[in-house]
Amino acid sequence: MSPLLSVRDLRVRFPLDDGVVKAVDGLSFDLDRGRMLAIVGESGSGKSVANLAVLGLHDRRRTEIDGEVRFDGTDLLTASERQLARLRGDRIAMIFQDPLTALSPYHTVGEQIAESYRRHCGASRARARERAIEVLARVGIPHPRLRATEYPHQFSGGMRQRVMIAIALVCDPDLLIADEPTTALDVTVQAQILDLLGGIRQEYGTSVILVTHDLGLVAGAADEVLVMYAGRCVERGTVREVLKAPRHPYSRGLLAATPRLDGDLTRALEPIEGQPPSLIDPPPGCAFHPRCAYTTLVGGDRCRTERPVARDVACHLAPDVLLDRKDR
Ligand code: SF4
Ligand code: MG
């Protein structure tokens with residue numbers, strides 16, 4: 001079966017006064033039905049931009065975009081606004097980081113969910129009201145009938161994020177994109193929200209893209225991981241592969257900088273030295289080379305001059321070196 005979402009050589013550029021920002025620079029991945037893919041990277045790695053482009057939510061007048069983003073057979077990059085509007089909300093839904101700015105303070109939670117159902121799925125008022133209560137129950141909000149009549153400020157941060165998930169789920173989408181959905185929440189609530197997303201994926205066969213800067217978050221939730229750096233994919237694999245044995249030097253650095261819930265809590269965290277590069281003028285060759293501790297193992301000038309491309313790991317290190325160092 002063909003993947004639900006197939007992204008090929010996606011490039012997203014924003015021309016600015018001081019140059020062109022290459023926010024996404026040749027990204028390819030596939031997402032199958034019912035799978036959860038985590039896209040991980042520091043802020044400014046292009047992970048959010050890539051997803052806005054997938055949804056057609058980038059500003060079309062100011063963005064140059066190429067490649068192919070195929071969702072169940074439709075190329076989203078060449079689709080009309082009308083086609084996109086139909087897909088968004090109904091078949092593709094997004095959950096943002098900050099529910100408080102995404103929700104209206106003036107309408108009850110039930111009204112907002114019902115409104116989304118009416119708009120995207122064309123239901124009657126009465127049916128939409130019932131549907132709102134159903135989805136509030138599904139996302140684990142106690143007393144959904146009562147809480148549907150309350151306003152966003154009457155909910156805690158975690159409960160508000162559940163409301164956002166309820167809105168996203170209301171039309172039973174095939175693809176859910178969650179951009180840093182737990183960043184503002186405390187650790188226990190983060191885990192609960194990820195459990196909820198995992199449960200939804202299992203129960204409804206929804207495909208999920210989880211965008212996060214936190215590699216620790218993806219361990220229990222995602223099936224596959226794609227690590228981004230400077231608008232490119234540097235490593236991809238199953239969660240097991242990438243978290244147990246990261247191969248790309250950047251993925252290793254990210255993991256070393258991540259507290260591990262399962263492991264040694266006394267282990268010192270090692271932040272990656274240096275700053276993420278400018279996307280206007282990224283370093284030549286491998287964009288990670290100014291921060292990489294392994295360049296001497298590659299030999300010559302390759303890291304500085306030649307851009308590494310590979311399906312799973314984009315690095316010039318020899319395959320046996322990449323593998324040998326997995327115990328680090
Ligand atoms: Fe480091 Fe070179 Fe590999 Fe880039 S290609 S990650 S600079 S070793
Ligand atoms: Mg972001």
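The first residue of the sequence shown is numbered 1, and numbering continues consecutively from there. All ligand and atom numbering here is 1-based and tracks the order in the structure.
Below the 2.8 Å limit, atom 1 (Fe) of ligand 1 has as protein N, O or S neighbours C292 SG.
A cation-pi geometry, defined here as NZ or CZ lying under 6.0 Å from the six-membered ring centre and within 45° of its normal, does not hold between R127 and Y117.
For residues 155-177, every residue pair satisfying the side-chain hydrogen bond (donor to acceptor under 3.5 Å, both in side chains) rule, not counting sequence neighbours, is listed here: R91-D174.
Between the side chains of S251 and E235, at least one donor-acceptor pair of N or O atoms lies under 3.5 Å.
In this structure, the side-chain contact (heavy atoms from CB on, under 4.5 Å) partners of P283, at least two apart in sequence or on a different chain, are P277, A287, H289, P290. Under the rule for a ring-ring contact (aromatic ring centres under 6.0 Å, His included), the partners of Y250 that lie at least two apart in sequence or sit in another chain are Y229, F288.
When each of I141, L136, V139, V135 is paired with I165, the side-chain contact (heavy atoms from CB on, under 4.5 Å) condition holds for V139 and for no other.
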